[in-house]
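First the structure, in the form of structure tokens, and then the observations on it.
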Number of protein chains: 2
Amino acid sequence: MDSLGETIRKLREEKELPLRTVAAFLDIDQAILSKIERGQRNASREQVIKLAEFFKIKETDMLVSWLSDKLVYEVADEDVALKALQVAEEKVKYNKTKRK
Amino acid sequence: MDSLGETIRKLREEKELPLRTVAAFLDIDQAILSKIERGQRNASREQVIKLAEFFKIKETDMLVSWLSDKLVYEVADEDVALKALQVAEEKVKYNKTKRK
DNA sequence: TTCTATTTTGAATGATTTTGTCAAAAATAC
DNA sequence: GTATTTTTGACAAAATCATTCAAAATAGAA
């Protein structure tokens, strides 16, 4: 149940790379990457895609991890978090059938 | 599968009230309420709570409707929308058990 | 149709949030 | 100890979001 940040930190440490190297590939300051890894900042969609490329992870897997993190953040400290997620699922399913 | 906006519009029209009346209760411009009802703007948490009070709807029900709308908006036009919602659910459940 | 009330729209403004840069401090490795 | 890496926070720029306001559009009544 890792967040995107935890995932990429593990990947980076496995390869024993400094923040600098990955940050350079993403074309961002290493401070930002540090914050992303530790969940203090959100990665952008483009950054997620580049991270998938860099670490050779399936792009959709990365995107799911990233999007779900954002959703968790959005419902954090709401009592109705779970219920809202379930209703949102229903709505998305419903919209899919509705859309011609 | 109504959005919050559709719900409160129906409630308001049932009672045959103008935007003005409800907007006054919420202490906002009627233009904003019009946009909220039509999904062009997001209501704030406080506005949702006042709406529940005004229409005598259970507050948590209103909050679920509102939060789930926001979630749907967040994942809109992502292919991985459903998957992300499901993973987010897992994460929320997991965090619940983890938190002492 | 005209008159009136209501609703919607969009431009302008302000506030808030996000995003990134930078340098110094802290931590870690050597 | 020094060197390297990581973290932190202050700051600025950019983007996003909320709100106000007035005019335009719509709907309903007479």
In whole angstroms, how far is the P atom of C:dT28 from the CZ atom of A:Arg12? 13 Å
Name the residue closer to the 5' end of DNA chain D, choosing between B:Ser44 and A:Leu19 according to the nucleotide with the nearest heavy atom. A:Leu19
Closer than 4.0 Å, any side-chain N/O of A:Ser34 to the OP1 or OP2 of D:dT6? no
Using a cut-off of less than 4.0 Å, is there contact between a side-chain N or O of A:Gln30 and OP1 or OP2 of C:dA23? no
Take the protein atom CZ of B:Arg41 and the nucleotide atom C1' of D:dT19, then report the distance between them rounded to whole Å. 8 Å
Of A:Ala31 and B:Ala31, the one whose closest DNA chain C nucleotide lies more 5': B:Ala31
Is any side-chain N or O of B:Lys35 under 3.5 Å from a base N or O of C:dG10, one able to act as donor and the other as acceptor? yes
In whole Å, I'd like the distance from the CG atom of B:Leu33 to the C1' atom of D:dT19. 14 Å
Length of the CZ-P vector between A:Arg20 and D:dA3, whole Å: 15 Å
In this structure, how many angstroms lie between the C1' atom of D:dC11 and the CD1 atom of A:Ile32, rounded? 14 Å
Send over the distance from B:Asp29 CG to D:dA18 P, rounded to a whole Å. 15 Å
Shortest side-chain distance from B:Arg9, nucleotide among D:dT5, C:dT7, C:dG20: C:dT7
Using a heavy-atom cut-off of under 4.0 Å over every strand shown, decide if B:Glu16 touches base, sugar-phosphate, or nothing. nothing
side-chain contact (heavy atoms from CB on, under 4.5 Å) between A:Phe25 and A:Arg20, worked out: CA-CA 9 Å; A:Phe25 184 83; A:Arg20 183 169 24 88; over 6 Å; no
How many Å lie between CD on B:Glu74 and C1' on C:dT17, as a whole number? 14 Å
So, is A:Arg45 near the phosphate of C:dT19, with a side-chain N or O under 4.0 Å from OP1 or OP2? no
Just by distance, do the side chain of B:Arg12 and the backbone of B:Leu17 share a donor-acceptor pair under 3.5 Å? yes
Charged N-O contact under 4.0 Å between B:Lys50 and B:Asp27: no
Interatomic distance where CG belongs to B:Leu17 and C1' belongs to C:dT6 [whole Å]: 13 Å
Regarding A:Gln40, tell me which of base, sugar-phosphate or nothing describes its non-hydrogen contacts under 4.0 Å with the strands shown. sugar-phosphate
Please check: side-chain N/O of B:Glu16 versus main-chain N/O of B:Glu13, any donor-acceptor pairing under 3.5 Å? no
Where the side chain of B:Ser68 meets the backbone of B:Val64, is there a donor-acceptor pair that is under 3.5 Å apart? yes
